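Given the structure is predicted, the values throughout are model-derived calculations rather than measurements.
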Amino acid sequence: MMLIPTHHFRDIERKPEYLQPEKCVPPPYPGPGGTMWFIRDGCGIACAIVTWFLVLYAEFVVLFVMLIPSRDYVYSVINGVIFNLLAFLALASHCRAMLTDPGAVPKGNATKEFIESLQLKPGQVVYKCPKCCSIKPDRAHHCSVCKRCIRKMDHHCPWVNNCVGENNQKYFVLFTMYIALISLHALVMVGFHFLHCFEEDWTKCSYFSPPTTVILLILLCFEGLLFLIFTSVMFGTQVHSICTDETGIEQLKKEERRWAKKTKWMNMKAVFGHPFSLGWASPFATPDQGKADPSQYVV
């Protein structure tokens, strides 16, 4: 969830240069089934695996250290259902954020045919990214990890091994929200379990030995506290960016606003879908992004 430092080349990329479309190779013809989006970045893949491992570790401790050994059946069932539902939604959101095209501009589309299809008027300017040889829509930035220009790119997040952009920002926001919720839930349960073990015999509150139980609970406590703080900050930052309709890169670079200002509610609906519904909280509901407007390529 770090900003990639190479994006300060944005000013160079937006310089109106001669397009020289003859130097661009036309984009490959897409297959009938489309192309699955997955970034082959070693660091990102490792971070994504660690993310799943930490969630599954929390699942193990919650179930086999705290809930299953509990003699309170109602407490175990209610908390087990809540935690597992939140964990499932968090991992589903992570998959959608990782495997969804964030809004990549077609690579190598700076061809003569495509430029002619834009039907430019006298005085209109288009910008070419010299790194991926594509015509850049307004508010697009080049990602050195994805090696593509991404529409409304907020940042590249190694934890989801993908950029956070126009098409997958909803899933990233849900991922941070659900991770924060399961972290908070786990911390509350750890607190209650410690109190229970202090009051009862440690050998009766867990199937593991007392030292092992204490170590597992302390590790979960550190993990939950760390991710609660981290994902809560990221969630708040993302919601603020959505409401102000200004991406993280645009805020960092203090770019001049060239797009129409909308209400916060309209900005939220643009990311999570029209109209407001329970689908906003579902990683399986794909928001309607609308069709691409050719005018976005010209200024």
Side-chain angles (χ1 to χ4, degrees), residues 1-4 6-7 24-56 87-111 114 129 131-137 139-179 234 238 247-249 270-273 279-293 296-297:
M1 301 176 186
M2 303 177 296
L3 289 174
I4 300 301
T6 52
H7 293 305
C24 291
V25 179
Y29 183 77
T35 304
M36 181 179 177
W37 183 268
F38 182 77
I39 304 301
R40 292 175 177 82
D41 174 58
C43 176
I45 294 173
C47 288
I49 293 174
V50 169
T51 300
W52 275 67
F53 171 78
L54 291 175
V55 173
L56 294 177
F88 171 74
L89 291 172
L91 294 179
S93 300
H94 183 271
C95 284
R96 291 300 302 272
M98 179 171 59
L99 302 178
T100 299
D101 181 344
V105 178
K107 203 170 185 178
N109 70 349
T111 60
F114 182 76
C129 175
K131 299 177 182 178
C132 58
C133 205
S134 63
I135 302 297
K136 298 182 67 171
R139 304 185 68 183
H141 293 77
H142 184 88
C143 175
S144 60
V145 180
C146 298
K147 295 179 175 57
R148 299 286 289 272
C149 286
I150 308 296
R151 295 191 303 272
K152 290 186 68 175
M153 175 182 168
D154 187 86
H155 68 287
H156 184 92
C157 176
W159 295 104
V160 297
N161 190 34
N162 201 1
C163 276
V164 178
E166 184 177 75
N167 293 344
N168 69 342
Q169 189 171 27
K170 170 190 173 179
Y171 311 124
F172 180 75
V173 172
L174 292 181
F175 168 65
T176 59
M177 181 182 74
Y178 287 127
I179 289 294
M234 286 302 303
Q238 287 296 301
T247 67
I249 291 180
V271 173
F272 290 93
W280 281 28
S282 172
F284 303 101
T286 303
D288 182 14
Q289 299 289 346
K291 296 182 179 180
D293 182 6
Q296 66 181 321
Y297 291 95

Beyond-backbone contact of V55 with L91, side-chain heavy atoms, under 4.5 angstrom: yes

CD1 (I49) and CG (L54) are apart, to the nearest 0.5 Å, by 12.0 Å

Check: Does R148 reach the main-chain N or O of V105 with its side chain, forming a donor-acceptor pair under 3.5 Å?
Finding: yes

Review point. Between E166 and R151, is there a salt bridge with N-O shorter than 4.0 Å?
Key: yes

Would the distance check show the side chain of T100 and the main-chain N or O of P102 forming a donor-acceptor pair, the cut-off being under 3.5 Å? no

- Could you check if a side-chain atom of K147 sits within less than 4.5 angstrom of a side-chain atom of C132, using non-hydrogen atoms only? no

Notebook entry, point to check: Mind checking whether V173 and Y178 have side chains closer than 4.5 Å, heavy atoms only?
Noted result: no

Side chain W159, main chain A48, donor-acceptor under 3.5 Å:
no

To the nearest 0.5 Å, atom OG of S282 lies from atom CG of L89 at 7.5 Å

Shortest non-hydrogen pair, C146 vs I39, comes out as SG-CD1, 3.7 Å

Next item on the list: Please examine the side chains of N161 and C47, heavy atoms only from C-beta on, and report whether any two atoms are closer than 4.5 Å.
Entry: no

Are T286 and Y171 close enough, and set up right, to give a side chain to side chain contact (heavy atoms under 4.5 Å, CB included), and what steps lead you there? CA-CA 9 Å; T286 303; Y171 311 124; 3.6 Å; yes

Closest heavy-atom pair, R96 versus P283, reported as atoms and distance to 0.1 Å, is NH1-O, 2.8 Å

Would you say the side chain of M98 lies within less than 4.5 Å of the side chain of F172, judging by non-hydrogen atoms? no

Taken in chain and number order and not counting sequence neighbours, the residues that satisfy side-chain hydrogen bond (donor to acceptor under 3.5 Å, both in side chains) with Q169 are Q238

For residues 40-53, the side-chain hydrogen bond (donor to acceptor under 3.5 Å, both in side chains) pairs (sequence neighbours left out) are W52-H94

Checking D154 side chain against V164 main chain: does a donor-acceptor pair fall under 3.5 Å? no

dist C163:SG -> H156:NE2 (nearest 0.5 Å) comes out at 5.5 Å

| request: Please say whether more than 12 non-hydrogen atoms of neighbouring residues, nucleotides or ligands are located less than 6.0 Å from CZ in F53. | output: no

### Message
Quick one: does any side-chain atom of N168 pair with a main-chain N or O of G165 as donor and acceptor, under 3.5 Å?
### Response
yes

Can you tell if the side chain of I150 reaches within under 4.5 Å of the side chain of H141, non-hydrogen atoms only? no

Rounded to the nearest 0.5 angstrom, the OG1-CZ distance for T247 and R139 is 6.0 Å

A281 backbone acceptor or donor facing K170 side chain under 3.5 Å: no

One should read off an interatomic distance between H142 NE2 and K131 NZ, to the nearest 0.5 angstrom, of 5.0 Å

Within-4.5 Å side-chain heavy-atom neighbours: W37 and N162
yes

